[in-house]
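The structure appears below as structure tokens.
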Amino acid sequence: MKRWLFFVVAVLLTFAAPALAGGKIKVGIMSDSEDVWAKVKAIAAKDGLDLDLVVFSDYLLPNAALDAGDLQANAFQHKPFLENQITAKGYKIVPVGATIVSPIGLYSRRVKAVGDLKAGAKIGIPNDPSNGGRALLLLQAQKLIKLKDGVGILPTVLDVTDNPKTLQFREIDAAQLSRSLDDLDAAVINTNYAVEAGLKPGKDSIAIESSVDNPYSNFIAVRETDKNAPWVPKLVHAYQNDTIRAYITDKRPGEVPAF
């Protein structure tokens, strides 16, 4: 009887081992990063981690899914975005490993340089707080506007204290800005949406953020309760390695490895 019980326990432990080691981990990603994560998935598999990639096209959904337990991790956002989501939704989500920096850019089909923007120019910016603030900071860095002192990294159009060209701001969903570019004098567009629209960051942009000491590094995030789970270091390592670094550098225009 004891020998039979020992055999049953051993079998159960054998089948439970993958779950204890992480098993199938659902990771929420954006549709534009599927190529990178396909490679991450292959690397993770060599370390015994089975990734189930769940693809999103809306920035607001991956954190909701992670918080609800429908995902074990996601990878699509920077810290200001997450902090804003935590304030608004009360999510208990934490970053566990940096991925990329995608410097945001100012694009135009009407002018070739920032200095060519005319008085009253219509400028599109993202309508979410984190990316909208990021856009305003880029415009300030180009000396197009001045923001209230001490406003931090989440300014709004109400924080503009000097606007010498009387720029008119159009707050538009980040995913729609590239499609609205023909109706605007210029727009600040996130790199992933710019690339999807056929724009080349650095070449087609008339202004772009620096990637050095950039506070908008993206990362892998998990629920706070999972931050010490044994599968987390494996997931981070599957992304943070020379293979992925080289792939991003060679194949992902406008992105810079942040690890």
Side-chain angles (χ1 to χ4, degrees), residues 15-45 47-102 126-134 153-154 171-177 190-193 196 215-240 244 255 258-259:
F15 282 100
L20 293 173
K24 182 166 283 192
I25 303 300
K26 288 188 175 183
V27 182
I29 62 171
M30 299 304 289
S31 57
D32 66 297
S33 64
E34 288 184 79
D35 58 329
V36 177
W37 278 91
K39 293 188 172 297
V40 174
K41 178 181 173 74
I43 293 170
D47 203 15
L49 199 61
D50 183 8
L51 301 187
D52 181 6
L53 304 178
V54 182
V55 181
F56 295 86
S57 58
D58 185 322
Y59 279 156
L60 298 179
L61 298 179
N63 280 335
L66 178 57
D67 181 71
D70 297 326
L71 303 173
Q72 281 71 55
N74 66 37
F76 75 103
Q77 64 193 322
H78 49 62
K79 192 172 182 182
F81 183 86
L82 176 59
E83 288 177 345
N84 181 261
Q85 287 273 285
I86 288 172
T87 299
K89 305 288 187 180
Y91 295 147
K92 295 186 182 302
I93 295 173
V94 295
V96 292
T99 55
I100 58 166
V101 176
S102 297
N127 66 358
D128 64 276
S130 59
N131 287 306
R134 186 179 184 183
I153 59 175
L154 290 175
E171 296 179 89
I172 299 170
D173 182 80
Q176 302 300 320
L177 277 164
N190 291 78
T191 295
N192 59 322
Y193 294 129
E196 283 179 4
Y216 298 96
S217 296
N218 286 13
F219 47 75
I220 298 166
V222 303
R223 287 187 299 278
E224 202 171 88
T225 53
D226 285 335
K227 66 181 180 181
N228 295 317
W231 52 264
V232 170
K234 292 184 178 183
L235 175 59
V236 173
H237 174 71
Y239 198 106
Q240 292 183 354
I244 300 301
E255 295 181 2
F259 53 91

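Between Tyr239 and Trp37, the ring-plane angle classifies as tilted under the 30° and 60° cut-offs. Between Tyr193 and Tyr59, the ring planes lie tilted relative to each other; the angle falls in the 30° to 60° range.
Of the possible polar contacts, none joining the Lys92 side chain to the Glu224 backbone as a donor-acceptor pair under 3.5 Å is found. Between the side chain of Thr99 and the main chain of Asn218, a donor-acceptor pair closer than 3.5 Å is present. Using a distance-only test at 3.5 Å, with no hydrogens or angles considered, a donor-acceptor pair links the side chain of Asp58 to the main chain of Leu60. Remark: the backbone N or O of Asn192 is not paired with any side-chain donor or acceptor of Asp32 at under 3.5 angstrom. Between the side chain of Gln72 and the backbone N or O of Lys26, at least one donor-acceptor pair lies under 3.5 Å.
Residues Leu66 and Tyr91 have side chains not in contact (no heavy-atom distance under 4.5 Å, counting atoms from C-beta outward). With contacts defined as side-chain heavy-atom distances shorter than 4.5 Å, the pair Val232/Lys227 does not qualify. In this structure the side chain of Val222 reaches within 4.5 angstrom of the side chain of Val94, judged on heavy atoms. Annotation: side chain of Ser130 is not in contact with side chain of Glu83 (no heavy-atom distance under 4.5 Å). Residues Leu235 and Leu51 meet the side-chain proximity criterion, which asks for heavy atoms closer than 4.5 Å. When side chains are defined from C-beta on, Asp67 does not count as touching Lys89, because their heavy atoms never get closer than 4.5 Å. Using a 4.5 Å cut-off on side-chain heavy atoms (C-beta onward), Leu82 and Ile86 make contact.
Smallest separation of non-hydrogen atoms from Gln77 and Ala221: NE2-CB, 3.9 Å. Shortest non-hydrogen contact noted between Gln240 and Ala98 is NE2-O, 3.0 Å. The two atoms that bring Leu154 and Pro80 nearest to each other are CD2-CB, 4.4 Å, heavy atoms only. The minimum heavy-atom distance linking Leu71 with Pro62 is given by the pair CD1-O, 3.6 Å. Considering all non-hydrogen atoms of both residues, His78 and Phe219 come closest at C-CE2, 3.4 Å. Annotation for Ser31 and Glu196: closest pair OG-OE2, 4.0 Å, computed over non-hydrogen atoms.
With values rounded to the nearest 0.5 angstrom, Asn63 atom CG is found 5.0 Å from Gln85 atom CD.
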(request) Evaluate the criterion side chain to side chain contact (heavy atoms under 4.5 Å, CB included) for residue pair Ile25 and Asp50; output intermediate values, then yes/no. (result) CA-CA 6 Å; Ile25 303 300; Asp50 183 8; over 6 Å; no
(request) List the steps, then state whether side chain to side chain contact (heavy atoms under 4.5 Å, CB included) holds for Asp226 with Trp231. (result) CA-CA 9 Å; Asp226 285 335; Trp231 52 264; 4.0 Å; yes
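Shown here are the ring-ring contact (aromatic ring centres under 6.0 Å, His included) partners of Phe56, two or more places apart in sequence or in another chain: there are none.
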